[in-house]
There are 2 protein chains.
Amino acid sequence: MNYKDSFREYLGKHGLKVTQQREVILDEFLAAGSHLSTEELYRAIREKNPHIGYATVHRTLKLLAESGLAAPRHFGDGHTRYECSSEEQHHDHLICTICGAIVEFENPGIERLQELVAAKHGFVIEQHRLEIYGRCAACLAGKGK
Amino acid sequence: MNYKDSFREYLGKHGLKVTQQREVILDEFLAAGSHLSTEELYRAIREKNPHIGYATVHRTLKLLAESGLAAPRHFGDGHTRYECSSEEQHHDHLICTICGAIVEFENPGIERLQELVAAKHGFVIEQHRLEIYGRCAACLAGKGK
DNA sequence: ACAAAAATTGATTTTCATTTTCAATAAAAA
DNA sequence: TTTTTATTGAAAATGAAAATCAATTTTTGT
């Protein structure tokens, strides 16, 4: 099942309607680079679809998040960003404090240690968030944008 | 050097003044439990000092953060929380999604793996944030508040 | 101690991302 | 097609954080 069908199925199961706007927003969300803010996606959509409003983009991103197709992220700049999350497994982020570059990474060792820490405190993990802030190679070399 | 002197020193070095309000707010910040939001600290202060305004609490918490005495944290409820950070070393957090309990932990193994990950991507780490969300022992046992 | 200079206070206003409202419109069901 | 129900989008509301500014307090200079 592809993204579009997944979303249609989610909408159907929840008594929601499949609309042109929702289809367009999903398409643009998938086409655009990851980690876009609502504002950034809204502007990208506007270029080809000037009739779609900000509120609709905002509501549709929340729907995509609820359906599991998008995952909201917060990297400290005051904007909620969404990334495509349907097929990829969990990952964390390296964020450059100079140029804002975002690099995804996975590390099973860290995950395992988290489980140990949680168990030691009697917690059962539901989710976690690890963000590492620093300077990327390009910025360290003075070549950052 | 104690907290109060540290803060006075920071104020002096930056051409800022030692005021009654700043002293009171620092005292209450130290006396109150950790991870309080501006609103929560403001209310605690108000009980004994009804003359201190919200804006002053807000500004003083930012000053404490700048001076290194307090560290701002975001746990996803839309409120910036501050914890005392002058003597303690870095730590991360376990947060219960049921009762909101916050447990601090340290894990050198995780830190070391983060360094390896960062190095692999050419990053030099400035800071990081790890939050593990789940259910605490009390809530799992049905005894959560 | 007194006056002048400089910073702080706190009630209020502003900002800004996000969320809600509601009349008009579109989609699904009858 | 008609009825029912949800969606849209412009505008307004919300709420935490930050800024404003006249009055006040602290500090400095005499």
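Sequence lines set the chain letters: A, B, ... in the order given, protein chains first and strands last, and positions in each chain run from 1.
- Within residues 50-60 of chain B, the residues approached by DNA chain D to less than 4.0 Å at the level of any non-hydrogen atom are B:Tyr54, B:Ala55, B:His58, B:Arg59, in residue-number order.
- Taking only side-chain nitrogens and oxygens, B:Arg22 comes nearer than 4.0 Å to OP1 or OP2 of C:dT9.
- No engagement by A:Ser37 is indicated, since no non-hydrogen atom pair under 4.0 Å with the nucleic acid exists.
- If you measure from atom CD of A:Glu40 to atom C1' of C:dA17, you get 13 Å, rounded to the nearest angstrom.
- Nucleic acid contact for B:Arg46: sugar-phosphate only, since backbone atoms but no base atoms lie under 4.0 Å from a heavy atom of the residue.
- Between A:Tyr133 and A:His74, the shortest heavy-atom contact is OH-O, 4.4 Å.
- Judged by distance alone, the side chains of A:Gln21 and A:Thr56 never bring a donor and an acceptor atom under 3.5 Å apart.
- Taking only distance into account, the side chain of B:Lys17 meets the base of C:dA6 through a donor-acceptor pair shorter than 3.5 Å.
- Scanning DNA chain D 5' to 3' for nucleotides with an atom closer than 4.0 angstrom to a non-hydrogen atom of chain A gives a first and last hit of D:dT5 to D:dA10.
- The shortest distance between side-chain heavy atoms of B:Asp92 and B:Ile132 does not fall below 4.5 Å.
- Atom C1' of nucleotide C:dC16 and atom CG of A:Asp77 are separated by 13 Å, given to the nearest angstrom.
- Residue order along DNA chain D, read from the 5' end via each residue's closest nucleotide, puts A:Tyr42 first among B:His74 and A:Tyr42.
- Residues A:Glu39 and A:Arg43 meet the side-chain proximity criterion, which asks for heavy atoms closer than 4.5 Å.
- Between A:Leu16 and B:Thr19, the one whose closest nucleotide on DNA chain D sits nearer the 5' end is A:Leu16.
- The aromatic rings of B:Tyr42 and B:Tyr54 stand perpendicular to each other, their planes meeting at an angle above 60°, with 30° marking the opposite boundary.
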So B:His51 and B:Gln20, side chain to side chain donor-acceptor pair (under 3.5 Å) or not? Walk me through it. CA-CA 11 Å; B:His51 56 93; B:Gln20 292 183 336; over 6 Å; no
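- Atom CG of B:Leu63 and atom C1' of C:dT9 are 13 Å apart (whole Å).
- Within 4.0 Å of B:Gln20, counting heavy atoms only, lie sugar-phosphate atoms of the nucleic acid but no base atom.
- Look at CG on B:Leu11: it is 11 Å from C1' on C:dA7, rounded to the nearest Å.
- Below 30°, between 30° and 60°, or above 60°: for B:His91 and B:His93 the angle between ring planes is above 60°, a perpendicular geometry.
- Donor-acceptor pairing under 3.5 Å is lacking for the side chains of A:His90 and A:Gln127.
- Scanning both residues, B:Cys84 and B:Ser34, for their nearest heavy atoms gives N-OG, 3.8 Å.
- Closest to the side chain of B:Gln21, from the set C:dA17, C:dG10, C:dT19, is C:dG10.
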